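These notes concern the structure reproduced below.
Keep in mind it's a predicted model, so treat the numbers as computed, not measured. Numbering starts at 1 and runs along the sequence shown.
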Amino acid sequence: MSEESGTSGTPGTSGTPGTPAVPGAPDAPGAGGSGTAPGPQPEPIRFFGTTWVAHDGGYGARRAGLAAGSLLAAAAGCFVLRFAYEGLTIADVGSFVSLLVVVMFAICSAIAFRRTWEGFTKRHDPASQASMRGLLTIGFVGTLLAYFFRSLTEAPGESLHRKEYEEAREQYAKRTQRRTGNPSRKKRKR
């Protein structure tokens with residue numbers, strides 16, 4: 001989750017084209033003007049942006065499109081793998097190698113499915129994710145199927161992002177609640 005710091009790195013957000021946003025300006029993010037609300041901002045999800053927060057902006061159509069697209073891509077991937085298997089058969093590499101290739105793709109797809117499915121509910125360590133990149137690439141069909149099945153119920157990763165967003169908003173509310181009032185006016189205990 002990201003919290004607004006009051007500054008923007010993009011030019012043109014303070015009303016005058018080509019000038020950076022000024023903290024506290026009416027159009028500055030988090031200033032209560034036409035910008036975004038202060039506090040943590042929702043993290044965008046691939047293919048959904050931030051429509052997962054209020055389920056607006058074509059959220060349902062995006063979910064249906066992702067489900068159909070991932071299923072079609074998985075079917076196309078299986079079709080390509082079938083051609084690869086037929087190429088091995090034509091090359092007459094032997095039944096052991098053909099069986100080994102089929103088992104390798106099946107195991108990699110199962111691991112990719114499980115890893116992707118778990119990634120929708122918890123964050124993986126970036127180092128372990130990088131080390132699994134090759135295996136996930138080989139098992140791309142499993143990844144696509146995980147996206148298909150998850151998009152039938154929610155945006156892939158929505159529950160994780162929603163939990164993190166709500167926790168960040170609660171922490172922000174607690175921090176701002178503690179900061180209310182002028183600390184210089186408080187009486188000191190002696």
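Checked for salt-bridge contact, Arg82 and Glu86 meet the test: a charged N lies under 4.0 Å from a carboxylate O. Using a cutoff of 4.0 Å between basic side-chain nitrogens and carboxylate oxygens, Arg62 and Glu158 are not scored as salt-bridged.
There is no path of hydrophobic side-chain contacts, each under 4.5 Å, that joins Trp117 to Leu136. Clustering ILVMFWY residues whenever any of their side-chain heavy atoms sit less than 4.5 angstrom apart, transitively, puts Met104 in the very cluster that holds Val97. With hydrophobic clusters built from ILVMFWY side chains whose heavy atoms lie under 4.5 angstrom apart, Phe149 shares a cluster with Leu71.
Minimum interatomic distance between Ser70 and Leu144 (heavy atoms only, all atoms of both residues): CB-O, 3.5 Å.
In this structure, the separation between CZ on Arg123 and CD on Gln129 is 11.0 Å, given to the nearest 0.5 Å. With rounding to the nearest 0.5 angstrom, the CD1 atom of Ile111 is 11.0 Å from the OG1 atom of Thr143. For the atom pair NE2 of His161 and CD of Glu164, the computed distance is 6.5 Å after rounding to the nearest 0.5 Å.
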Leu99 vs Phe96, side-chain contact (heavy atoms from CB on, under 4.5 Å): CA-CA, chis, key distance, verdict: CA-CA 5 Å; Leu99 180 65; Phe96 177 73; 5.6 Å; no

Worked verdict on Val141 versus Phe105 for side-chain contact (heavy atoms from CB on, under 4.5 Å): CA-CA 9 Å; Val141 173; Phe105 273 104; over 6 Å; no

Verdict with reasoning, Thr121 to Leu160, per side-chain contact (heavy atoms from CB on, under 4.5 Å): CA-CA 5 Å; Thr121 55; Leu160 172 68; 5.6 Å; no

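Between the side chains of Arg150 and Ser159, no donor-acceptor pair is found at a separation under 3.5 Å.
Crowding of Arg162 atom CZ: a count of heavy atoms from other residues, nucleotides or ligands under 6.0 Å exceeding 12.
Ring-plane geometry between Phe79 and Phe83 is classed as perpendicular, the angle between the planes exceeding 60 degrees on a 0 to 90 degree scale with a lower cut at 30. Taking the six-membered ring for Trp and thresholds of 30 and 60 degrees, Tyr165 and Trp52 have ring planes more than 60 degrees apart, a perpendicular arrangement.
Under the 6.0 Å cut-off for aromatic ring centres, Tyr147 and Phe120 qualify, their centroids lying closer than that.
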